[in-house]
Structure formats: structure tokens, C-alpha cells
Colleague: 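Below is one structure. I have some questions about it.
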Amino acid sequence: MQDKDSEALRNQRRRRKRIGRIKSAIVIIIAGWIMLSMILIVTLFVRTVSLEKKLDRLIQSNLLLSSQENVVSGLNEGEQVLSAENTEAILEASSAPQAVVVEDTENLAEAGDVHKVYLTFDDGPSDNTEAILDILAEYDVKATFFVVGKEDEVSQELYRRIVEEGHTLGMHSYSNRYSVIYQSAEAFETDYQKLKDYLFDVTGTECKFYRFPGGSSNQISNVPMSELIQFLNGQGTVYYDWNVSAGDAASAAYTADEIVENVTEDVVKYKTSVVLLHDAEDKSTTVEAIRPLIEALQEMDAEILPIDENTRVIQSVKADSVDDR
């Protein structure tokens, strides 16, 4: 009887151990499934955000093409292509180019002409601005930086460094937000004056040059661009568009080699080339392209210069075509 009781007790213990192992296995499987699900959810979330950004860029590119086609077709000045809602949703945090380059036949290069090249950087300052300044210093090359308003100490030091190292400090709006800048003529003027005063306070330099976010022929502004051009004319501020684009407006749109190729292929066409580049936080590829770009331009015997009062003005909408009323 005792033996039977002992055997029954052992069997019971074995069953308990088996049940315990099964429970442990179930717990491990459930925990693993939960962890795997969380990893998959996070991965899907990251990929979704990435895809949304790419989709935004594609949508924006299509809008740019549409905008350019409308300008070329002769839209009346001030006509709106985008609704306020679309502008807000798609262009709020972006500064990709919209200007349509108007061919200046007098600027077309001929054999023997010296190519004057003006490297211009939009949307800074950022850590990439610092890296670009370091590279420019290595080659003793001067450039132009169309900056936005940033009030942190690092940005203030970069504003000062741009001026102290002989580069040109230009304005690209304080907020760099289309919905704010182009809401009204008063909003544009307020944004302009805020940036101009701020940069003067930080650097002691009065900025004389401006680049419209989206360019002077953009179809985004709620205000006819002629009104904003009149304002800048009245302020004695010269605005610059570009006739050569590096193609770096969208993140990772091109490799460093492709950026160099984009620039050099167009520079040869002109006596004066104003090159559109960007130095925002996400433009590491642009930084990679600066050394080979400078070397390629130097091999062409091009003069690399900062914008100043003697620079040929490159504008999609000519300042002198707008009546100052």
C-alpha cells in the first residue's frame, strides 16, 4: 500500500513538473510573441513615417512641376495654384525650390569666358553649416548663406562665423514656414524685419540680400509676389533666385557625385552661375559633395565667389519688371 502511495505521489509530482514546464513554455511563447509584435509595430511605424515623408516629397515634386508649367503657360500674376489647405499640409516644413529659371541670353557663356560661380546655401544654420564652413576654409573659398532665424547659442555663433570668415550672410525668412511668411503682405514684412533686426543684433552686419522661400516666381504665396518684390525694392534689398540647382532640396535625392554632376553640367552654360544648395540638418550628402564640387569647379578654372554688390543678379521675376507704387 505504501509503495502504491509513493508511486502515486511520484506520478503526481511528475505531472506537476510537466504542467510547470508547459506553463513556463506558454509564458515564454506569449512573452516572445508580445516582444516580436512590439518590434514589428515599431518597425512598421518607422517605415510608415519614412514612407509618408517620401510621399510628401513626391507630392511636392508633382506640385512644383505643376506650378512651373502654369508659370510657363502665362498665369496671371498672383493667381493661386494651391489651396490654403494644400499649402499648409504639404509645404509647411519644406523649402524645396519652386522658382522657374528664366533664360538670360546675355548670361550664356561663350568660348573663352570665365565662369563666375556663387555657391549659395539655404535653410541653415545647422551642424552641416559648421562642416561646410570648415571645408570652405580648407580651400579658402567664400560662399553665401541664406539663413533662417534660430536663437540658440550655437546658431548665433555660426551667424557670426559666416560673417567673420568673409562669407555673405543673406536672409531666407525668419520662420521658413510658407503659411506664415506668405499669409499676407504684413506677415511677410514682419518676418523680414524680424530676421534682419535679429541678424544685425547678433553679427553687427546689415543684410542686403534675400532669397524668397520657393523663389520669386513661386505659386504658393497668398499675396501676389509683385507686392513682396515692391517691398524689398523699397527696402533696398536685392533678392536672388538661382540658375543652377544641385538637386539637394529633397533629402537623399542625389548622391554626392550626382550633386557635383548636376552643378558642373549647368555651370558651363553660364558666365554667372548662382548655385542652389542647402545646409539644413538633413543635408549630410551636400556636405559630402562640397570638396569634390570645389575641386571640379577649380579644374574648370571657375571663379568661386560670395554674392556682393557687383554680382550679376539672377532673378526669375526681375525686380525692375515690377512697378514700385
Colleague: Identify each donor-acceptor pair in which a side-chain atom of residues 136-149 lies under 3.5 Å from a protein atom, sequence neighbours left out, and give them as a table.
Modeller:
unit_1	atom_1	unit_2	atom_2	d
Glu138	OE1	Arg291	NE	3.3
Glu138	OE1	Arg291	NH2	3.4
Glu138	OE2	Arg291	NH2	2.8
Tyr139	OH	Glu295	OE2	2.5
Lys142	NZ	Glu165	O	2.7
Thr144	OG1	Ile307	N	2.9

Colleague: When hydrophobic residues are tied together by side-chain contacts of less than 4.5 Å, even through go-betweens, does Tyr174 share a cluster with Val154?
Modeller: yes
Colleague: For Lys196, look at atom NZ and say whether over 12 heavy atoms of other residues, nucleotides or ligands are found less than 6.0 Å away.
Modeller: yes
Colleague: Which heavy atom of Ser126 sits nearest a heavy atom of Glu281, and at what distance?
Modeller: CB-OE1, 3.3 Å
Colleague: Would you say the side chains of Tyr159 and Glu164 form a donor-acceptor pair under 3.5 Å?
Modeller: no
Colleague: I want to check something: taking the side chain as every heavy atom from C-beta on, are Pro213 and His172 in contact at a cut-off of under 4.5 Å?
Modeller: yes
Colleague: List, by chain and then residue number, the residues other than Ile30 in its hydrophobic cluster (Ile/Leu/Val/Met/Phe/Trp/Tyr, side-chain heavy atoms under 4.5 Å); write none if there are no others.
Modeller: Ile22, Ile26, Trp33, Ile34, Met38
Colleague: Minimum heavy-atom separation for Leu108 and Asp113, please, with both atom names.
Modeller: O-OD2, 4.3 Å
Colleague: Apply ring-ring contact (aromatic ring centres under 6.0 Å, His included) to residues Tyr239 and Phe212 and explain how you reach the verdict.
Modeller: CA-CA 7 Å; Tyr239 61 91; Phe212 287 106; 5.2 Å; yes
Colleague: Is a donor on one side and an acceptor on the other found under 3.5 Å between the side chain of Asp266 and the backbone of Val263?
Modeller: no
Colleague: Check for a donor-acceptor pair, side chain of Glu130 on one end and backbone N or O of Asp127 on the other, with a separation under 3.5 Å.
Modeller: no
Colleague: With heavy-atom distances below 4.5 Å as the criterion, would you say the side chains of Lys208 and Thr237 are in contact?
Modeller: no
Colleague: Which heavy atom of Tyr254 sits nearest to which heavy atom of Thr285, and what is that distance?
Modeller: O-CG2, 3.3 Å
Colleague: What are the two closest heavy atoms between Val317 and Ser321, and how far apart are they?
Modeller: CG1-OG, 4.1 Å
Colleague: Is there a donor-acceptor pair under 3.5 Å between the side chain of Lys150 and the backbone N or O of Pro125?
Modeller: yes
Colleague: Keeping the roles fixed (side chain from Tyr270, backbone from Val117), state whether a donor-acceptor pair exists under 3.5 Å.
Modeller: no
Colleague: Say whether, by atom type as modelled, one donor and one acceptor occur between the side chain of Asn243 and the main chain of Val274 under 3.5 angstrom.
Modeller: yes
Colleague: Among the clusters formed by ILVMFWY side chains lying less than 4.5 Å apart, do Met300 and Leu293 turn up in the same one?
Modeller: yes
Colleague: Which of these, Tyr182, Tyr192, Tyr210, Tyr178, sits in a side-chain contact (heavy atoms from CB on, under 4.5 Å) with Ser173?
Modeller: Tyr210
Colleague: Quick one, Phe231 and Gln235 - any side-chain contact, counting heavy atoms below 4.5 Å?
Modeller: yes
Colleague: When you measure from the side chain of Tyr118 to the backbone N and O of Arg312, does any donor-acceptor pair fall under 3.5 Å?
Modeller: no
Colleague: Shortest non-hydrogen contact from Glu151 to Gln156?
Modeller: O-NE2, 3.2 Å
Colleague: Using atom types as modelled and distance alone, determine if a side-chain donor or acceptor of Asp191 lies under 3.5 Å from a backbone N or O of Ala187.
Modeller: no
Colleague: Only counting residues at least two apart or in another chain, list the ones meeting side chain to side chain donor-acceptor pair (under 3.5 Å) with Asp308.
Modeller: Thr311
Colleague: Is there a side-chain contact between Thr286 and Asp279, using heavy atoms and a 4.5 Å cut-off?
Modeller: no
Colleague: Indicate the atoms forming the closest heavy-atom contact of Asp241 with Arg211, along with that distance.
Modeller: O-NH2, 2.8 Å
